[in-house]
Number of protein chains: 2
Amino acid sequence: MSMSDTFHLKIAEFLITQINNGTYACGDRLPSENELCAQFQTNHHVVRLAISRLINMGWVATYQGKGSFVKSRPEAFPYSLSAKTGFSSNLKGRPLAHRGQLMQWEKRHPMPHEARYLDLEMHEYVYDLRIKRFINEQPMSLSTTVIRAHDVPDLPDFLADFQSLYKILSEHYQIRPIRTKSIVQAIMPTLKDTDLLHLPENVPLVKIESFARHPSGHPFEYNVSKIRSDMCRYVIDF
Amino acid sequence: MSMSDTFHLKIAEFLITQINNGTYACGDRLPSENELCAQFQTNHHVVRLAISRLINMGWVATYQGKGSFVKSRPEAFPYSLSAKTGFSSNLKGRPLAHRGQLMQWEKRHPMPHEARYLDLEMHEYVYDLRIKRFINEQPMSLSTTVIRAHDVPDLPDFLADFQSLYKILSEHYQIRPIRTKSIVQAIMPTLKDTDLLHLPENVPLVKIESFARHPSGHPFEYNVSKIRSDMCRYVIDF
DNA sequence: AAGTGGTCTAGACCACGTG
DNA sequence: ACGTGGTCTAGACCACTTG
């Protein structure tokens, strides 16, 4: 190994080692920035660089006025996905309060890439649903679902008491979409994501683009989800 | 929207907007830090905070002595995965130079979590293979594969001219493992990851833990891969 | 030599919570 | 009031490339 030449990275590595050692356990407070400055004979700025690495790597969270605390890794909630299921249906029977909230929706023309996948002309219509999902009332993911409008006539009638899109599709349209593929990426949150998910730190998110087809065969749904993977396990079943 | 109160984030947002505008196209150089300092009437440090956000979000890459350049997003290479395939087999027939390199291997006792999944006692043995994968000679992923030793007797004999684990399994043992589930996370690279993948920046990685069983039914393989998702598309087929 | 990004020092001031 | 983290200023010095 040939790295870790800068001071702030050495400090970060040292602290990570101590956390792994057990010198600091989950929930413990790290020494204050001033104490670390004294300990390493350096200044605010360098110490903060080290700590921001710990934050980015998910080891600690900081709270203004309080300190930096070793994150408890809550043996992440499973958040399952497979060819035949949406999000909500997977957590049934688990002792986790799962909730999907419809933030907004609109009927609109498809974007070019949506039209391409959904096999639509640009003048046709799609429904665009923005859903925020919570586990134990903690915001966990943001998703955008785009479906062909003529597959779900009168959809707005069923959005009033929204619980789950797959529930609506199943109960009112007898449609159970079939996921064909997903594309996975790791991304940093935009400011809007940070805001909506109440991300206190600089956590990378899992972005999953999913494509699903109608049981009768034609393309049906295009979905983009951004998920906090530090707080939940995103499980894919084959 | 209610965010973006700090100066460096405003600068970052401004630059991102300009990139989206087309003011700066892929490959273009951004104004130098000094120029940005002048433009925004601020100093080195704040400008660098803004730029590090652009780096983290994957918009730009910086080169010492040269400048900051808008990243060309190379319409990422597809890197496919499904129940029945490993990595290598998916890229056949594509005009991409894909290569897997066996970095090291060892025969050892399983770790507790490995023993649990692989249904082994702690005194039994596993093979541990560390593989680095390249696309067009650019390092793309690091993976650790752990398999039960008694399923693959004399495995070391076949490691000399390593090309693909699934090829060895198929040709010498007539085994085609079946992936049962994967767990996806977004993580920041460790220093070692940064080093091995030659990551010039602070890019989040996709971490995928996969579990596969032997065709006869018993657990067979446990794999952890860390993948650059800024340079490739990780596609999951259902 | 001059310009670029990269690291570090030193200090001011603010926002937040009570060690 | 004091200590905590958060932001910003100002400047030094280094490493790298040739704008």
Side-chain angles (χ1 to χ4, degrees), chain A residues 2-15 23-56 59-71 191 194-195 198-203, chain B residues 2-15 23-56 59-71 191 194-195 198-203:
Chain A
S2 64
M3 55 283 176
S4 179
D5 37 358
T6 65
F7 196 14
H8 67 271
L9 286 181
K10 281 178 185 154
I11 296 174
E13 291 298 291
F14 179 80
L15 291 173
T23 308
Y24 304 110
C26 286
D28 284 1
R29 214 201 71 178
L30 291 186
S32 75
E33 294 183 0
N34 285 335
E35 287 168 331
L36 291 171
C37 287
Q39 179 176 350
F40 292 100
Q41 285 295 300
T42 184
N43 61 66
H44 208 37
H45 180 51
V46 173
V47 164
R48 286 183 61 74
L49 281 179
I51 290 178
S52 47
R53 180 165 171 86
L54 297 191
I55 294 172
N56 292 344
W59 291 107
V60 307
T62 58
Y63 304 94
Q64 195 167 188
K66 301 182 80 171
S68 304
F69 296 83
V70 179
K71 265 215 229 176
L191 292 178
T194 307
D195 206 37
H198 303 140
L199 294 179
E201 323 95 6
N202 207 352
V203 207
Chain B
S2 64
M3 56 281 175
S4 180
D5 37 359
T6 65
F7 196 14
H8 68 269
L9 286 181
K10 281 179 186 155
I11 296 174
E13 290 299 290
F14 179 79
L15 292 173
T23 309
Y24 304 109
C26 287
D28 284 1
R29 213 202 72 179
L30 292 186
S32 74
E33 295 183 359
N34 285 335
E35 288 167 331
L36 292 171
C37 287
Q39 180 177 349
F40 293 101
Q41 285 296 299
T42 185
N43 61 67
H44 209 35
H45 179 50
V46 173
V47 164
R48 287 183 60 73
L49 280 179
I51 290 179
S52 45
R53 178 165 172 86
L54 297 192
I55 294 173
N56 292 343
W59 291 107
V60 307
T62 58
Y63 304 95
Q64 196 169 184
K66 302 182 78 172
S68 304
F69 297 83
V70 178
K71 265 215 229 179
L191 292 179
T194 307
D195 205 36
H198 302 140
L199 294 179
E201 324 95 8
N202 207 352
V203 207

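Residue numbers begin at 1 in each chain, while the letters A, B, ... track the order of the sequences.
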Going by number, which of residues 34-51 of chain A have a non-hydrogen atom under 4.0 Å from DNA chain D?
A/N34, A/H44, A/R48
Contacts of A/H45 that satisfy side chain to side chain donor-acceptor pair (under 3.5 Å) - sequence neighbours left out:
none
Could I get the full list of side chain to side chain donor-acceptor pair (under 3.5 Å) partners for A/R53, not counting sequence neighbours?
none
Picking from D/dC8, C/dG5, C/dC8, which would you name as closest to the side chain of B/T6?
D/dC8
Integer-rounded Å distance: [N] [atom2] and [X] [atom1]:
| X | N | atom1 | atom2 | result |
| --- | --- | --- | --- | --- |
| A/H8 | C/dT9 | NE2 | C1' | 15 Å |
| A/Q64 | C/dC14 | CD | C1' | 8 Å |
| B/R29 | C/dG5 | CZ | C1' | 10 Å |
| B/F7 | D/dG6 | CZ | C1' | 16 Å |
| B/L9 | D/dG6 | CG | P | 13 Å |
| B/L30 | C/dG3 | CG | C1' | 16 Å |
| B/K66 | C/dG6 | NZ | C1' | 16 Å |
| B/E33 | C/dG5 | CD | P | 4 Å |

Kindly indicate whether the side chain of B/S68, heavy atoms from C-beta on, has any atom under 4.5 Å from the side chain of B/W59.
no
Measure the acute angle between the ring planes of B/F40 and B/F14, then classify it against the limits of 30° and 60° as parallel, tilted or perpendicular.
perpendicular
Closest non-hydrogen atom pair, B/G27 against B/F69
O-CD2, 3.5 Å
Distance-minimising heavy-atom pair for A/G67 and A/R29:
CA-CD, 4.2 Å
Paired with A/V46, the side-chain contact (heavy atoms from CB on, under 4.5 Å) test is passed by just one of A/T6, A/L36, A/I11, namely A/I11
OP1 or OP2 of D/dT4 under 4.0 Å from side-chain N/O of A/S32
yes
Can a side chain N or O of B/T62 be found less than 4.0 Å away from OP1 or OP2 on C/dG6?
yes
